[in-house]
Amino acid sequence: MIDYIDDMDMEEEGIAEILLDENAMAKAPRPGTSLKRPMTGSARPGSRSASSMGQSIRPLSRTGRPLSGFLRPGSSSVRPGTGSLDVKRAFKGTRAGTARPVSSGGRFLRLGTQSMLSASDKFIDPDRINVAKYSRRPAMAKALADFFIYSAHNPKKALELCSQATQAAEYKDPWWKCRLGKCYYQLGMFREAEKQFLSANRQQESIATYLELAKVYIRLDQPQRALDTYLTASESFPADISSLLGTARVYDMLNDGEAAIASYKKVLSIDASNAEAIACLAAHFFYFDQPEVALRFYQRLLQMGIVNAELWNNLGLCCFHAGQYDICLGCFERALLQAEDESMADIWYNIGMVAIGIGDQNLAYRAFKTAISHDANHAESFNNLAILQVHRGTLQKARASFEAAEKLAPHLHEPFYNSALLASKTGDYQEAYQKIQSSLEIFPEHHDSKSLCEELEKHFTMV
């Protein structure tokens with residue numbers, strides 16, 4: 001089937017699925033039991049696994065989640081709360097140069113449109129098919145069910161066919177139950193999908209059924225049950241890495257970095273050429289001040305034939321922090337040659353960081369300006385550009401850049417702290433106190449924000 005897609009993996013949640021989800025289990029979930037609070041880890045504060053995903057160690061994506069080192073479906077989806085700010089963030093696009101939110105229904109629609117363009121001999125009209133007739137012919141019915149789901153993208157018609165075929169098979173065929181669960185999942189009926197997948201697993205265990213069931217629990221915001229499902233799957237199918245990868249991804253969502261890294265290491269012990277595990281381990285070692293080890297992992301990806309702008313960018317950063325300055329700039333040049341519009345801003349931002357590291361502020365200033373020209377929503381470039389503008393003495397431009405960074409990335413504490421520091425040095429203590437409170441709300445453990453807040457409180461007490 002030319003229209004078949006692998007839907008065993010996680011997928012992006014559309015804006016309708018996020019905001020109109022009526023399957024919420026609890027409005028105030030306990031820490032570590034929900035995906036709606038990405039900065040709440042399952043580890044105890046101060047432990048290694050809690051600090052490994054902190055903002056001081058690992059940067060955040062535009063959706064407020066720590067970067068895992070590998071872009072996968074679902075990593076850019078926003079799970080908003082009830083605040084108006086979260087809803088506005090959910091409606092904003094996560095890609096550079098677009099404000100259109102993700103829509104999973106639109107993804108199916110675009111796939112269907114492309115399939116009709118590539119296969120103009122489409123002659124099957126789902127609305128005219130008598131499903132009762134074909135439900136008694138198992139071979140034809142299974143082909144039709146896959147056609148309704150993957151090609152016609154008509155889960156309602158597929159559900160009708162699967163229901164009658166399940167009755168015709170006297171509820172003894174687990175394949176039909178899996179397809180029923182898939183139809184219920186696409187229609188947003190997650191509890192019914194869970195029942196079908198559990199029933200199919202009781203009749204015949206399958207790794208695909210376990211993965212589908214874990215997806216249902218993730219959409220129901222039950223990460224612990226998803227972890228239990230992946231654990232059961234790994235015990236039943238120890239040679240399959242899909243369940244281990246799913247476990248690591250859920251731990252990444254819960255900000256339990258230590259458990260995620262342990263799962264990625266298990267994946268590599270089974271499949272030494274898994275790109276996702278290698279990339280995530282490389283990012284882990286890089287952010288824990290081991291760029292030499294991270295460099296070896298990225299070189300392994302190059303040896304496997306993976307060549308793209310993001311990989312060359314990471315190689316350049318590892319070379320710079322490892323002291324290999326002669327190779328660093330060459331890697332960034334290759335990254336710029338292969339980069340597309342979506343990644344160009346990040347590469348120029350990293351070039352600016354390298355320029356700051358070698359003391360060339362003019363190059364850094366031009367690099368950050370170039371990054372903003374490629375992506376006007378790049379908050380990190382606005383923040384660092386404002387710092388350089390402070391050094392140049394253009395304080396009004398610096399304030400404007402800090403304000404732009406605050407609006408574009410309300411999940412980052414650096415713009416608020418830098419703006420508070422600038423306001424305190426210019427004598428605007430009330431503005432500084434408001435900004436530093438915003439910084440502490442985002443990152444309560446930030447030492448510099450705490451120190452500045454104490455200084456401002458002492459000043460207000462003396463006055």
Next item on the list: Using the side-chain contact (heavy atoms from CB on, under 4.5 Å) rule, take H378 and D346 through it: C-alpha gap first, then chi angles, then the decisive distance, then the call.
Entry: CA-CA 8 Å; H378 204 266; D346 290 330; 2.7 Å; yes

Margin query: Has S269 got a side-chain atom pairing as donor or acceptor with K266's backbone, closer than 3.5 angstrom?
Written below: yes

Note to self: If you count heavy atoms of other groups shown closer than 6.0 angstrom to CE of M304, is the number above 12?
What the structure shows: yes

Note to self: Is it the case that the side chains of N383 and S381 hold a donor-acceptor pair, with the cut-off being a distance below 3.5 Å and no angle test?
What the structure shows: no

Checklist line | Side-chain heavy-atom pair E441, H413 within 4.5 angstrom cut-off | finding: no

Notebook entry, point to check: Taking C-beta and beyond as the side chain, do F320 and L317 meet within less than 4.5 Å on heavy atoms?
Noted result: no

Checklist line | Salt bridge R191-E194, side-chain N to carboxylate O under 4.0 Å | finding: yes

Check: Any side-chain heavy-atom pair from L412 and E380 closer than 4.5 angstrom?
Finding: yes

Check: Below 4.0 angstrom, N of the basic side chain to O of the carboxylate: do R179 and E212 qualify?
Finding: no

Next item on the list: Evaluate the side-chain proximity of S242 to L244: yes if any heavy-atom separation is below 4.5 Å, no if none is.
Entry: no

Item checked: Flag if over 12 foreign heavy atoms under 6.0 Å of CD, E235 -> yes

Checklist line | Salt-bridge criterion met for K450 and E445 (N-O under 4.0 Å) | finding: no

Item checked: Check: A132 main-chain N/O paired with R136 side-chain donor or acceptor under 3.5 Å -> yes

Checklist line | Pairing of D173 and K142 as salt bridge, 4.0 angstrom limit | finding: yes

Note to self: With a 4.5 Å cut-off on side-chain heavy atoms, are T370 and S373 touching?
What the structure shows: yes

Check: Without hydrogens or angle criteria, can the side chains of T247 and S263 be said to hold a donor-acceptor pair below 3.5 Å?
Finding: no

Notebook entry, point to check: For D240 and Y210, does a side-chain donor sit closer than 3.5 Å to a side-chain acceptor?
Noted result: no

Note to self: What's the separation between atom CD in Q299 and atom CD1 in I278, rounded to the nearest 0.5 Å?
What the structure shows: 12.0 Å

Margin query: With side-chain hydrogen bond (donor to acceptor under 3.5 Å, both in side chains) as the criterion, how do Y264 and D252 come out once you've worked through the C-alpha distance, each side chain's angles and the decisive distance to 0.1 Å?
Written below: CA-CA 11 Å; Y264 285 128; D252 275 335; 3.0 Å; yes

Notebook entry, point to check: Is the ring centre of F286 less than 6.0 Å from the ring centre of H321?
Noted result: yes

Notebook entry, point to check: Rounded to the nearest 0.5 Å, what separation is found between the CD1 atom of I442 and the CD atom of E406?
Noted result: 8.5 Å

Checklist line | Nearest-0.5 Å distance, NZ of residue K265 to CD1 of residue I261 | finding: 7.0 Å

Note to self: Tell me the closest heavy-atom pair linking S273 and R300, and the distance in Å.
What the structure shows: CB-NH2, 4.0 Å

Note to self: Can a donor-acceptor pair be found, under 3.5 Å and without considering hydrogens, that links the side chain of N418 to the backbone of E414?
What the structure shows: yes

Notebook entry, point to check: Which atom pair, heavy atoms only, marks the closest approach of C183 to A158?
Noted result: SG-CB, 3.6 Å

Check: Is the number of heavy atoms from other residues, nucleotides or ligands under 6.0 Å of Y134 OH greater than 12?
Finding: no

Check: So do W348 and F368 actually touch side chain to side chain, heavy atoms under 4.5 Å?
Finding: no

Check: Which residue, L295, N314, V354, forms the side-chain contact (heavy atoms from CB on, under 4.5 Å) with C319?
Finding: L295

Note to self: Once side chain to side chain contact (heavy atoms under 4.5 Å, CB included) is applied, do any residues pair with D448, and if so which ones, sequence neighbours excluded?
What the structure shows: Y417, H446

Notebook entry, point to check: Any side-chain donor paired with an acceptor under 3.5 Å for E258 and Y251?
Noted result: no

Checklist line | Side chain to side chain, I149 and Q186, heavy atoms closer than 4.5 Å | finding: yes

Margin query: Rounded at 0.5 Å granularity, tell me how far CG in N313 sits from CZ in F332.
Written below: 5.0 Å

Item checked: H284 ring center within less than 6.0 Å of F288 ring center -> yes

Check: Mind checking whether F190 and Y185 have ring centres under 6.0 Å apart?
Finding: yes

Note to self: Distance check, rounded to the nearest 0.5 Å: E205 atom CD versus S236 atom OG?
What the structure shows: 4.0 Å

Notebook entry, point to check: Does the side-chain contact (heavy atoms from CB on, under 4.5 Å) test come out yes or no for W312 and Q338, once each step is laid out?
Noted result: CA-CA 9 Å; W312 284 111; Q338 299 184 7; 3.8 Å; yes

Notebook entry, point to check: What are the two closest heavy atoms between A226 and A214, and how far apart are they?
Noted result: CB-O, 3.9 Å

Notebook entry, point to check: Can you list the steps and then say if N201 with S199 is a side-chain hydrogen bond (donor to acceptor under 3.5 Å, both in side chains)?
Noted result: CA-CA 5 Å; N201 257 342; S199 177; over 6 Å; no

Notebook entry, point to check: Are the side chains of N377 and I372 in touch, meaning some heavy atoms are under 4.5 Å apart?
Noted result: no

Margin query: Apply side-chain contact (heavy atoms from CB on, under 4.5 Å) to residues L254 and Q224 and explain how you reach the verdict.
Written below: CA-CA 10 Å; L254 294 174; Q224 295 300 328; 4.0 Å; yes

Next item on the list: Would you give the length of the straight line joining atom CG of L213 to atom OG1 of T209, rounded to the nearest 0.5 angstrom?
Entry: 8.5 Å

Item checked: Test item: S343 side-chain N/O and A339 main-chain N/O as donor-acceptor pair under 3.5 Å -> no

Next item on the list: Please report the C-alpha distance between I347 and E310 in whole Å, then the side-chain angles of each, then the deciding distance to 0.1 Å, and finally whether the side-chain contact (heavy atoms from CB on, under 4.5 Å) criterion is met.
Entry: CA-CA 8 Å; I347 296 173; E310 290 78 10; over 6 Å; no

